[in-house]
Protein chains: 2
Amino acid sequence: MATYQADDGWDALGDPTRRAIVACLAERPRAVGELAEVLPISRPAVSQHLKVLKDAGLVTDRAAGTRRVYRLNPAGVAALRDQLDTYWNRALTGFQDAAETPTEEES
Amino acid sequence: MATYQADDGWDALGDPTRRAIVACLAERPRAVGELAEVLPISRPAVSQHLKVLKDAGLVTDRAAGTRRVYRLNPAGVAALRDQLDTYWNRALTGFQDAAETPTEEES
DNA sequence: GCCTTCGGTAAGTACTAGCTTACCGTTCGT
DNA sequence: ACGAACGGTAAGCTAGTACTTACCGAAGGC
């Protein structure tokens, strides 16, 4: 298998093409061929990316005749969102001591 | 420059090591050397990752003597969270028509 | 039944990003 | 002023991943 196996939703979204797929599926569910028409890559490449996204739990697929319709998985997206919330809360509660010192370069 | 330039916070979080750094900085701000002690990589590698995270707006740095203390940037984290919210909302509002058809393999 | 459409898989290639060591500038301590 | 600590940068190597074309199975239309 030359395809990449994502352990994590973050790894899956680390690729710009996969983010484009996710953004596309956020509008409405689409078949593999539809995605390949929009994106600047071949259809097999789309399949490989969809496999990664599916393994990461970010999309779900459903057979519809000969076509296979992929849609965004809200649960997977929510999982990432919760993790970001954790970071965000820790960053705020732990240390506001330098609220007036934003990213100074040097003296 | 052999260092990777992230266009996006997603690209920055696409790397497991950078996620470890972010998780570490979420607890409390740390200097570069402190991070290098905890992480299984060399100090220059940490520096390179911090540059990527800084360019992505996920961390901020502050000079403290000879040391340089990095901390998580709540604004950067919030930006990613908002984007996930958008995806999440679209996924829910656009198509709940198949709420009872989760990831079936085939007939 | 046949052919077409659709999509996943295999094999192979090219590029890029992450790591290392080596080096240099800066700041503090004495 | 000298030395040490801290950290950013350069150059180079390696690994892995994103892409391609070719092939194959499955489901529908006529």
Side-chain angles (χ1 to χ4, degrees), chain A residues 1-22 24-25 29-56 59-71 103-107, chain B residues 1-22 24-25 29-56 59-71 103-107:
Chain A
M1 183 195 309
T3 316
Y4 169 66
Q5 159 70 341
D7 1 329
D8 198 316
W10 298 108
D11 281 322
L13 289 182
D15 181 71
T17 302
R18 281 196 286 269
R19 285 198 297 275
I21 291 178
V22 166
C24 214
L25 293 180
R30 308 206 191 219
V32 180
E34 295 180 70
L35 289 169
E37 285 178 11
V38 178
L39 298 168
I41 59 174
S42 68
R43 189 192 47 70
V46 174
S47 270
Q48 292 161 8
H49 282 304
L50 286 171
K51 177 181 176 60
V52 174
L53 289 171
K54 183 180 174 183
D55 288 341
V59 302
T60 61
D61 59 339
R62 188 163 63 137
T66 78
R67 309 201 315 163
R68 187 156 273 261
V69 178
Y70 282 80
R71 72 184 59 216
T103 319
E104 55 164 276
E105 291 312 298
E106 62 271 270
S107 62
Chain B
M1 184 193 310
T3 314
Y4 168 62
Q5 158 72 338
D7 2 330
D8 199 318
W10 299 108
D11 281 321
L13 288 182
D15 180 72
T17 302
R18 280 195 288 268
R19 285 198 297 276
I21 291 177
V22 167
C24 215
L25 293 181
R30 307 206 191 220
V32 181
E34 294 181 69
L35 290 169
E37 286 178 10
V38 177
L39 299 168
I41 58 176
S42 68
R43 188 191 46 73
V46 174
S47 269
Q48 291 161 9
H49 282 305
L50 285 172
K51 177 181 175 60
V52 174
L53 290 170
K54 183 181 175 183
D55 288 341
V59 302
T60 61
D61 60 339
R62 189 164 63 135
T66 78
R67 308 199 318 163
R68 187 157 273 262
V69 177
Y70 282 80
R71 72 185 58 215
T103 322
E104 56 165 274
E105 291 313 297
E106 63 275 273
S107 59

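First the proteins, then the strands, lettered A, B, ... as listed; each starts at 1.
- Summarising the geometry, the separation between CG on B/L39 and P on C/dC19 is reported as 9 Å, rounded to the nearest angstrom.
- Considering only side-chain N and O atoms, A/Y70 lies nowhere under 4.0 angstrom from the phosphate OP1 or OP2 of C/dC6.
- Residues forming a side-chain contact (heavy atoms from CB on, under 4.5 Å) with B/S42 (at least two apart in sequence, or on another chain): B/P44, B/A45.
- Distance CZ/A/R19 to CG/B/D11: 4.0 Å, rounded to 0.5 Å.
- Going from atom CD1 of B/I41 over to atom CD1 of B/I21 covers 5.5 Å, rounded to the nearest 0.5 Å.
- Between the C1' atom of C/dG18 and the CG atom of B/L13 lies a distance of 16 Å, rounded to the nearest Å.
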So which protein nitrogen or oxygen atoms get under 3.5 Å of nucleotides 4-6 of chain D's nitrogens or oxygens?
{"from": "D/dC6", "atom 1": "O4'", "to": "B/T66", "atom 2": "OG1", "distance (Å)": "3.4"}

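- Remark: A/V69 engages A/P29, A/A64 in a side-chain contact (heavy atoms from CB on, under 4.5 Å) (not counting sequence neighbours).
- For the salt bridge (Lys or Arg N to Asp or Glu O under 4.0 Å) condition, the pairs that include at least one residue of residues 32-42 of chain B, sequence neighbours left out, are B/R28-B/E34, B/E34-B/R67.
- Rounded to whole Å, atom P of C/dA17 lies 13 Å from atom CG of B/D55.
- Between A/T17 and A/H49 the shortest side-chain heavy-atom distance falls below 4.5 Å.
- Side-chain nitrogen and oxygen atoms of A/S42 include none within less than 4.0 Å of the OP1 or OP2 phosphate oxygen of D/dC19.
- A 4.5 Å side-chain heavy-atom check between A/L35 and A/L50 finds at least one atom pair inside the cut-off.
- Rounded to an integer number of Å, the gap from B/D11 CG to C/dT16 P is 13 Å.
- For the pair A/D61 CG and C/dC6 C1', the interatomic distance rounds to 14 Å; values are reported in whole Å.
- Across the interface with DNA chain D, nearest-nucleotide mapping of A/D15 and B/V69 shows B/V69 to be the residue nearer the 5′ end.
- Going from atom CD of B/E37 over to atom C1' of D/dG7 covers 14 Å, rounded to whole Å.
- If you take CZ on B/R62 and CZ on B/R71, they are separated by 5.0 Å, rounding to the nearest 0.5 Å.
- Direction change of the helix axis from one end of the helix from C/dG1-D/dC30 to C/dT30-D/dA1 to the other is 30°, with five pairs defining each end axis (rounded to 10°).
- Between B/Q48 and A/H49, the residue anchored nearer the 5' end of DNA chain D, judged by the nucleotide with its closest heavy atom, is B/Q48.
- A/K54 NZ to A/D61 CG: the interatomic distance, rounded to the nearest 0.5 Å, is 3.5 Å.
- When the P atom of D/dC13 is taken as reference, atom CD1 of B/I41 falls 21 Å away, rounded to whole Å.
- The interatomic distance linking B/K54 (NZ) with D/dG7 (P) rounds to 14 Å, in whole Å.
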